[in-house]
Protein chains: 2
Amino acid sequence: MASTLLTPGSNAERSRLYNRGLVLGHIRREGEAGRAEIARASGLSTQAVSNIISDLLAEGWVVEAGRRLGQRGLPAVTYAIRAEAGAALGVEIRPDAVLAAWIDMSGHVLHGERIALSRARPEDVLPVLERLLARGQGAGVAIDALIGAGVVMPGPVGRTGLSGLATELPGWAEIDARAALERTLGLPVTVENDANTAAMAERVMGAAQGIDDFACLYFGAGLGLGLVAGGAVFGGAFGNAGEIGHIPVPARGGVQRLEDLASRMALARRLADAGLRTETVEDLETLHAACPPAYADWLEEASAALGHAVQILENLLDPETIVLTGALPPVILADLVARTPLPALSVANRPDRRHPRLIAGRVGRRAATLGAAALVVNTALSPRLVAPS
Amino acid sequence: MASTLLTPGSNAERSRLYNRGLVLGHIRREGEAGRAEIARASGLSTQAVSNIISDLLAEGWVVEAGRRLGQRGLPAVTYAIRAEAGAALGVEIRPDAVLAAWIDMSGHVLHGERIALSRARPEDVLPVLERLLARGQGAGVAIDALIGAGVVMPGPVGRTGLSGLATELPGWAEIDARAALERTLGLPVTVENDANTAAMAERVMGAAQGIDDFACLYFGAGLGLGLVAGGAVFGGAFGNAGEIGHIPVPARGGVQRLEDLASRMALARRLADAGLRTETVEDLETLHAACPPAYADWLEEASAALGHAVQILENLLDPETIVLTGALPPVILADLVARTPLPALSVANRPDRRHPRLIAGRVGRRAATLGAAALVVNTALSPRLVAPS
DNA sequence: GTTGAACCTTCAAGTGAGTTGAGTTAATCG
DNA sequence: CGATTAACTCAACTCACTTGAAGGTTCAAC
């Protein structure tokens, strides 16, 4: 479907774009790199890389970072991504609020905003976005530095822009969300689900830096799965991959949905059953320190369920690592990582691993919003032959 | 890892190669196509496509197929893949035998061979492959028409050629299998596992023709998963994706490995427990017609387990369809497809599907061997920017 | 039946990007 | 200090795609 609509044919111009992405991607991966080194890694001639670098320098995408001494021969001048070369906007649209974050090309957070909503219909949200843009500008984010925006919305979004699919936000299923957002923001927009953007956040500025193939379990309302393959988001055939919350796992002699066991809602329900009221993430954190029996039971049950999920993910996808991230306090994520049993029966159980099989995310609670921005940065600094759809 | 070793940089030569693949891929997908049509689909200029086609014609890769009348204007000359343009060899190395199949570029089977082995160490197998090549030639497959070979081996093969990993075939873990096979066969070799090649067989000449994103459940000794994403095999980070047999599924109040429920061995064991001896696939087929209680029980249990697998695959990967294939009689595959409950709680449960959610494969028992050859054809007729590793 | 619009295809000139090979500069090693 | 090694640059070259004009062929409208 997608391939017939795009124009994947290669010509000089697209080759150039692709090679630019290759150069930028290499520099980002390595932190800094010299021309000759990039040429060797990419298979391009040094001359070609040299030309590209001088363009990137002139356009302000990279800066001289230093010289590589210690070897024989003329010391290589190394280059690094210029953090201020551009900025990306991440927007998360929830039923009750719009969150926004601005980051620079190196993944540093420039600014954050939150505007409460009473309704989240398109006609309510779009004007709010304009206000957000203005606020960002007020906080010092140059509007012409913005190279794009990532938008997180709940519900199956689909890559096709087809309307008619059920969405949890009212009114959005009937319109072409991406086009409307692009018009309002005046920026190229990518729409993704929370788990996928969270994965990108971990890749660009969190625990999965430099990892090209991994899976990300995201604690939002339920439990989502973000898949990164070859350094890019993997969306499946229709862009709806990653609904891991729905899969059946064995529990207490029966079968339950994974997200009925391992999710913030599951925890909150467990605690409520025990008469413990938790409203905010802070409540969950405070209670974790005390660790009443209901909490301990949930940790037990959730980590057992996560163990099943890990076994499934590893055997199906063979990722380099699995990251636990999302709207749970870091202590709890770390606790879950520690408790989750790593199945012996797994292709991931090999001696020569570069990363632990399961790790805790590092971007914190705003993973989805930050990831929406990270998605844009990741795309800008990666080679791609076809335009994003 | 892989990306730093390959040379993904784009230049005129690689652009050409990529665009050739694009043209060939379009023609294969459509059956036949005209120059202008391909130009529109690929975003290339008609002139560029014209040049590529005339090269392909001169080299014998495509032939004139007809003219598209009925529209206004000069009728387009259409071209089709020339089946005899090349041939691919598929080899399956088992502990007790080597199977081989030759196919042409349109996926027609040219010839098949089977040579029994007493041992399957490299020094036993490699000479047998030379004999196979000779036999193929004797049966009319021109040796210089061969464009490559795909090889299926049991056990985690890994894409890296790293030795030291456990293999089910003795002696193969210690050597660089691909290099040894390339030396012996004198052909570019791709090594894959059975489930992935079976998926390719279904894509090139079976039930998944024209489908770019799907999953394939393969009944071999156990149960394997072949993943096709964007028209190519998806191997995961380390090339070992697809070990679905190991995942836990709920069954009879407990947890069991999927392949202890849904696999040929599971069926054979069930029947053996009931005093029914089954040695060959034919036995299984005969017995299916009679359908004794043990058989019915297994069908029940296996399809329930497959239902779980379907739910997991759909929610995790959102494929266009799932194909059931492998070394079970077609009747049984069809029966399993019919019995397997399709979970309502799935992102795949959408109204606008182009394909059924679960379908039976069509390449039959030799799926893995044929798929090894199909892998080569698929690669030759698809655009790719980086060389296969 | 004639005219014209629509469409495919080719020719020839032009452009952009990567490659090649020689030459320059600057560290390190002996 | 000179030889060696390595990064980098200059200029000429090549390759593949694009552009624009021209030539053909079919269908449809008048």
Side-chain angles (χ1 to χ4, degrees), chain A residues 7-24 26-27 30 32-59 62 64-80 383 385-386, chain B residues 6-24 26-27 30 32-59 62 64-79 383 385-386:
Chain A
T7 58
S10 176
N11 56 23
E13 185 192 340
R14 279 194 272 260
S15 276
R16 178 67 145 187
L17 226 77
Y18 176 83
N19 288 339
R20 267 175 74 119
L22 214 58
V23 169
L24 284 168
H26 185 88
I27 295 177
E30 301 297 320
E32 51 185 273
R35 291 153 130 101
E37 170 195 345
I38 299 171
R40 277 190 301 272
S42 65
L44 295 170
S45 63
T46 52
Q47 187 60 57
V49 173
S50 220
N51 292 339
I52 291 171
I53 292 263
S54 86
D55 282 6
L56 293 174
L57 269 174
E59 293 169 36
V62 298
E64 251 189 71
R67 304 182 147 260
R68 263 215 220 304
L69 286 163
Q71 279 187 334
R72 262 201 209 184
L74 200 159
V77 178
T78 59
Y79 300 87
L385 199 62
V386 293
Chain B
L6 301 173
T7 58
S10 177
N11 56 23
E13 185 192 339
R14 280 195 272 261
S15 277
R16 179 66 146 186
L17 225 74
Y18 176 83
N19 288 339
R20 267 175 77 118
L22 214 58
V23 170
L24 283 169
H26 184 88
I27 295 177
E30 302 296 321
E32 53 185 272
R35 290 152 132 100
E37 169 195 345
I38 299 171
R40 277 190 301 270
S42 65
L44 295 169
S45 62
T46 53
Q47 187 59 61
V49 173
S50 219
N51 292 338
I52 291 171
I53 293 262
S54 86
D55 283 5
L56 293 173
L57 268 174
E59 294 169 35
V62 299
E64 254 190 69
R67 304 181 148 261
R68 265 214 219 304
L69 285 162
Q71 278 187 330
R72 250 196 222 191
L74 200 158
V77 179
T78 60
Y79 300 87
L385 200 63
V386 292

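In what follows, chains are A, B, ... by sequence order, proteins preceding strands, each numbered from 1.
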Asks: For the residue pair N19(B) and N11(A), establish whether any side-chain heavy-atom pair is separated by less than 4.5 Å.
Replies: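 They are not in side-chain contact.
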
Asks: Taking any heavy-atom pair under 4.0 Å as a contact, classify R68(A): base, sugar-phosphate, or nothing.
Replies: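 Since no nucleic acid heavy atom lies under 4.0 Å of R68(A), the category is nothing.
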
Asks: Just the endpoints, please: which first and last nucleotides of DNA chain C, 5' to 3', lie under 4.0 Å from a heavy atom of chain A?
Replies: dA17(C) to dC29(C)

Asks: Take the protein atom CG of L44(A) and the nucleotide atom P of dC8(D), then report the distance between them rounded to whole Å.
Replies: 15 Å

Asks: Can you run down the side-chain hydrogen bond (donor to acceptor under 3.5 Å, both in side chains) pairs that involve residues 71-80 of chain A, sequence neighbours left out, and say none if there aren't any?
Replies: E32(A)-T78(A), R35(A)-Y79(A)

Asks: Can you give me the N/O atom pairs linking the protein to nucleotides 28-30 of chain D at distances under 3.5 Å, or say none if there are none?
Replies:
from	atom 1	to	atom 2	distance (Å)
dA28(D)	O4'	R72(B)	NH2	3.4

Asks: When you match L69(A) and E37(B) each to their closest nucleotide on DNA chain C, which lands nearer the 5' end?
Replies: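 Looking at DNA chain C, the more 5' nearest nucleotide goes with E37(B).
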
Asks: Where is the tightest heavy-atom contact between H26(A) and A41(A), given as atom of each residue plus distance?
Replies: CE1-CB, 3.5 Å

Asks: Which pair of heavy atoms, one from E64(A) and one from V77(A), lies closest together, and at what distance?
Replies: CG-CG1, 3.3 Å

Asks: Listing time: all N or O pairs from protein to nucleotides 10-16 of chain D that are below 3.5 Å?
Replies:
from	atom 1	to	atom 2	distance (Å)
dC10(D)	N4	Q47(A)	OE1	2.4

Asks: Between A36(B) and S45(A), which residue's closest nucleotide on DNA chain C lies nearer the 5′ terminus?
Replies: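 First, find each residue's nearest nucleotide; the 5'-ward one identifies A36(B).
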
Asks: Without decimals, in angstroms, what is the distance between I38(A) CD1 and dC8(D) C1'?
Replies: 13 Å

Asks: Which whole-number value in Å describes the distance from L74(A) CG to dC8(D) C1'?
Replies: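 So the two atoms are 7 Å apart, to the nearest Å.
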
Asks: Not counting sequence neighbours, which residues clear side-chain hydrogen bond (donor to acceptor under 3.5 Å, both in side chains) with N51(A)? List them please.
Replies: Q47(A)

Asks: Pick base, sugar-phosphate or nothing for S50(B), based on heavy-atom distances below 4.0 Å to the nucleic acid.
Replies: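 Sugar-phosphate, no base atom in range.
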
Asks: Give a yes/no on whether any side-chain N or O of R40(A) is located under 4.0 angstrom from OP1 or OP2 of dA7(D).
Replies: yes

Asks: Can you name the residues that form a side-chain hydrogen bond (donor to acceptor under 3.5 Å, both in side chains) with E59(A), not counting sequence neighbours?
Replies: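 Checked E59(A) against side-chain hydrogen bond (donor to acceptor under 3.5 Å, both in side chains); matches are R20(A).
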
Asks: Does anything in residues 43-55 of chain B pair up under salt bridge (Lys or Arg N to Asp or Glu O under 4.0 Å), and if so which pairs, sequence neighbours excluded?
Replies: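 Every salt bridge (Lys or Arg N to Asp or Glu O under 4.0 Å) pair that includes a residue of residues 43-55 of chain B, provided the two are not neighbours, is R16(B)-D55(B).
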
Asks: Using every non-hydrogen atom in the two residues, find where Y18(A) and S10(B) come nearest and quote the distance to one decimal.
Replies: CD2-CB, 3.8 Å

Asks: With DNA chain D as reference, determine whether T46(A) or N11(A) sits nearer its 5' end, using the nearest nucleotide of each.
Replies: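 The residue mapped nearer the 5' terminus is T46(A).
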
Asks: For A36(A) and T46(A), work out which heavy atoms get closest and say how close.
Replies: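 Closest heavy-atom pair between A36(A) and T46(A): CA-CG2, 4.1 Å.
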
Asks: Listed by chain and number, what are the side chain to side chain contact (heavy atoms under 4.5 Å, CB included) partners of A76(B), not counting sequence neighbours?
Replies: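 Per chain and number, A76(B) pairs via side chain to side chain contact (heavy atoms under 4.5 Å, CB included) with R68(B).
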
Asks: Taking side chain as C-beta onward, heavy atoms only, is I38(B) less than 4.5 Å from I53(B)?
Replies: yes

